[in-house]
Protein chains: 2
Amino acid sequence: MSATVVIDDRSGLDISLIDRSVLFQIRRSQTLLGRRFQSRFSDFGITPGEYGVLLLIASNPGRKQTQIADALGMQRANFVPLINSLEARHLMERRASAQDKRSNALYLTAAGDAFVKEICAAEATFEAECTARLGGAKAREAFMLLLARLSV
Amino acid sequence: MSATVVIDDRSGLDISLIDRSVLFQIRRSQTLLGRRFQSRFSDFGITPGEYGVLLLIASNPGRKQTQIADALGMQRANFVPLINSLEARHLMERRASAQDKRSNALYLTAAGDAFVKEICAAEATFEAECTARLGGAKAREAFMLLLARLSV
DNA sequence: TATTGTTATACTCTATAACTATA
DNA sequence: TATAGTTATAGAGTATAACAATA
């Protein structure tokens, strides 16, 4: 049984140990994908985190902050400044809940709705590129399944 | 052609839009894996980033800072405080290079070497758990290949 | 008592610009 | 002039603790 050595193309270094680690490979992919997203979506002036919030509110209007934050795996404390920024840009709004005076119901504004549609079209292109890199629709499906298994 | 709706188990929210996105699924997996790593390796008092540096120095002793940082996809500016901390803990050390007085050659200390061996054993367990979640060695291999394709 | 939103705080990771000393 | 290391700084992302208003 021979240990295969993995050499990094650019640096010429032995990266076997981190190359074989699921943890480090996901870190690397996430970093690269994040960079690609940022450079592609810099015109929209939005971060992946903010985009996720808008998408989730678009699909689930009227939910309270804790629910949206929860579904994104975020702390509710970190959710506050994020939607403060989105609300200041008039992309979404808090409305006082009638049933529970503690909570805010979240909605997109008309501008937010248009914004989401616009950026969704751009993201479809981004995702199509990911599919191409992965090797087609079947490969993508397999990849998403494996990712989901890892996230249990 | 029917659009399938994906409902989050815990929150009951429609997460179709982010669930189908490679970007968001990788973000989620990376976050969850990072949390798992932190809780598992809190005894070692080390972050994934620091661990990666130690692993790379272990496999490539004597290389200069820029090379190690490069192989990890890090900026050399961010690399400095990271190894300052590792050096303060006597896990690694900078040695002045004879050939090039500008650069430092990086080496693990004896303590750092023992530390890496110890944490490598723990990470092997961690990776084995990842393999089990993914569905076995073949599934893991397929997953790593797809991740690599995405990181081109 | 528990929950919702909020503030404050800290740490990790990343990015950019500018400086110094060497090459 | 280019490179290696460094400093300073800023922005995301995440984590915890504590508080006021409400349930």
Side-chain angles (χ1 to χ4, degrees), chain A residues 10-11 23-24 26-39 41-42 44-53 62-70 72-87 92-106, chain B residues 11 23-24 26-39 41-42 44-53 62-87 92-106:
Chain A
R10 291 182 306 119
S11 62
L23 179 68
F24 284 105
I26 289 199
R27 266 170 66 91
R28 162 161 303 198
S29 295
Q30 200 266 328
T31 302
L32 289 172
L33 240 64
R35 264 180 219 157
R36 233 176 268 160
F37 180 95
Q38 295 278 27
S39 73
F41 291 75
S42 58
F44 296 102
I46 200 165
T47 65
E50 292 171 335
Y51 177 48
V53 170
R63 299 309 183 102
K64 58 188 178 187
Q65 294 181 196
T66 304
Q67 287 180 302
I68 303 288
D70 248 39
L72 286 165
M74 291 180 61
Q75 311 280 345
R76 68 187 193 281
N78 298 324
F79 192 73
V80 174
L82 206 164
I83 60 172
N84 282 348
S85 165
L86 292 175
E87 197 168 27
M92 52 140 299
E93 58 187 9
R94 295 163 162 103
R95 295 186 202 161
S97 171
Q99 304 95 314
D100 189 337
K101 286 188 180 176
R102 292 173 304 181
S103 67
N104 299 320
L106 303 184
Chain B
S11 62
L23 178 70
F24 283 106
I26 287 199
R27 266 169 67 90
R28 162 161 304 195
S29 295
Q30 201 265 330
T31 302
L32 289 172
L33 241 63
R35 268 181 215 155
R36 234 177 267 160
F37 181 94
Q38 294 278 26
S39 72
F41 291 75
S42 59
F44 296 103
I46 199 165
T47 66
E50 292 171 334
Y51 177 48
V53 171
R63 300 308 183 104
K64 57 187 178 185
Q65 295 180 195
T66 303
Q67 288 181 302
I68 303 288
D70 248 39
L72 286 165
M74 291 181 62
Q75 311 278 347
R76 68 188 195 281
N78 298 322
F79 192 72
V80 174
L82 206 164
I83 61 173
N84 283 349
S85 165
L86 293 174
E87 196 168 29
M92 52 139 300
E93 59 187 10
R94 296 163 161 103
R95 295 187 202 159
S97 171
Q99 303 95 316
D100 189 337
K101 285 188 180 177
R102 293 172 302 179
S103 67
N104 299 319
L106 303 184

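Letters A, B, ... are given to chains in the order of the sequence lines, protein chains preceding strands, and every chain is numbered from 1.
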Item to check | Residue closer to the 5' end of DNA chain C, Lys64(A) versus Arg35(A) (nearest nucleotide) | outcome: Lys64(A)
Checklist entry - dT4(C) phosphate, OP1 or OP2: any side-chain N/O from Arg94(A) under 4.0 angstrom? => result no
Checklist entry - Asn84(A) has an atom CG; how far is it from atom C1' of dA12(D), in whole Å? => result 16 Å
Item to check | Main-chain N/O of Thr47(B) paired with Glu50(B) side-chain donor or acceptor, under 3.5 Å | outcome: yes
Checklist entry - Do the side-chain N and O atoms of Asn104(B) and Arg63(B) include a donor-acceptor pair separated by under 3.5 angstrom? => result no
Next on the checklist: I need the CE-C1' distance between Met74(A) and dT16(D), as an integer number of Å.
Outcome noted: 15 Å
Checklist entry - Is any side-chain nitrogen or oxygen of Thr66(B) closer than 4.0 Å to OP1 or OP2 of dG5(D)? => result yes
Next on the checklist: So does Ala69(A) get a backbone contact from the side chain of Arg76(A), meaning a donor-acceptor N/O pair under 3.5 Å?
Outcome noted: no
Checklist entry - What does Gln65(B) touch in the nucleic acid at a heavy-atom separation under 4.0 angstrom: a base, only the sugar-phosphate, or nothing? => result sugar-phosphate
Checklist entry - Going by the angle between their ring planes, with limits at 30° and 60°, are Phe37(A) and Phe41(A) parallel, tilted or perpendicular? => result parallel
Checklist entry - To the nearest angstrom, how far is Ile46(A) atom CD1 from dG11(D) atom P? => result 17 Å
Item to check | Protein-nucleotide distance (Gln75(A), atom CD; dA8(C), atom P), rounded to Å | outcome: 18 Å
Next on the checklist: Taking 4.0 Å as the cut-off, does a side-chain nitrogen or oxygen of Thr47(B) come that near to OP1 or OP2 on dC11(C)?
Outcome noted: no
Checklist entry - Can you check whether Arg27(A)'s main-chain N or O pairs, donor with acceptor, with Gln30(A)'s side chain at less than 3.5 Å? => result no
Checklist entry - Along nucleotides 17-23 of chain D, 5' to 3', which nucleotides get a B, which get an S, and which get a -, given that the test is a protein heavy-atom distance under 4.0 Å? => result B---BBS
Item to check | Phosphate contact (dT3(C) OP1 or OP2) by Ser103(A) side-chain N/O below 4.0 Å | outcome: no
Checklist entry - Over how many whole Å does the gap from Glu50(B) atom CD to dC11(C) atom C1' extend? => result 11 Å
Item to check | Tyr51(A) ring center within less than 6.0 Å of Phe44(A) ring center | outcome: no
Item to check | Atom-pair distance (CG on Asn78(B); C1' on dT14(C)), nearest Å | outcome: 6 Å
Checklist entry - dT7(D) P sits how many Å from Phe79(B) CZ, rounded? => result 14 Å
Checklist entry - When you measure from the side chain of Val80(A), which nucleotide among dT14(C), dT7(C), dT14(D) comes out closest? => result dT7(C)
Item to check | Spacing of Arg63(B) atom CZ relative to dA4(D) atom P, expressed in whole Å | outcome: 13 Å
Checklist entry - Out of curiosity, Arg94(B) CZ to Glu87(B) CD, how far, rounded to the nearest 0.5 Å? => result 5.0 Å
Checklist entry - Taking the nucleotide of DNA chain D with the closest heavy atom to each, which residue, Gln38(A) or Ile83(B), is nearer the 5' end? => result Ile83(B)
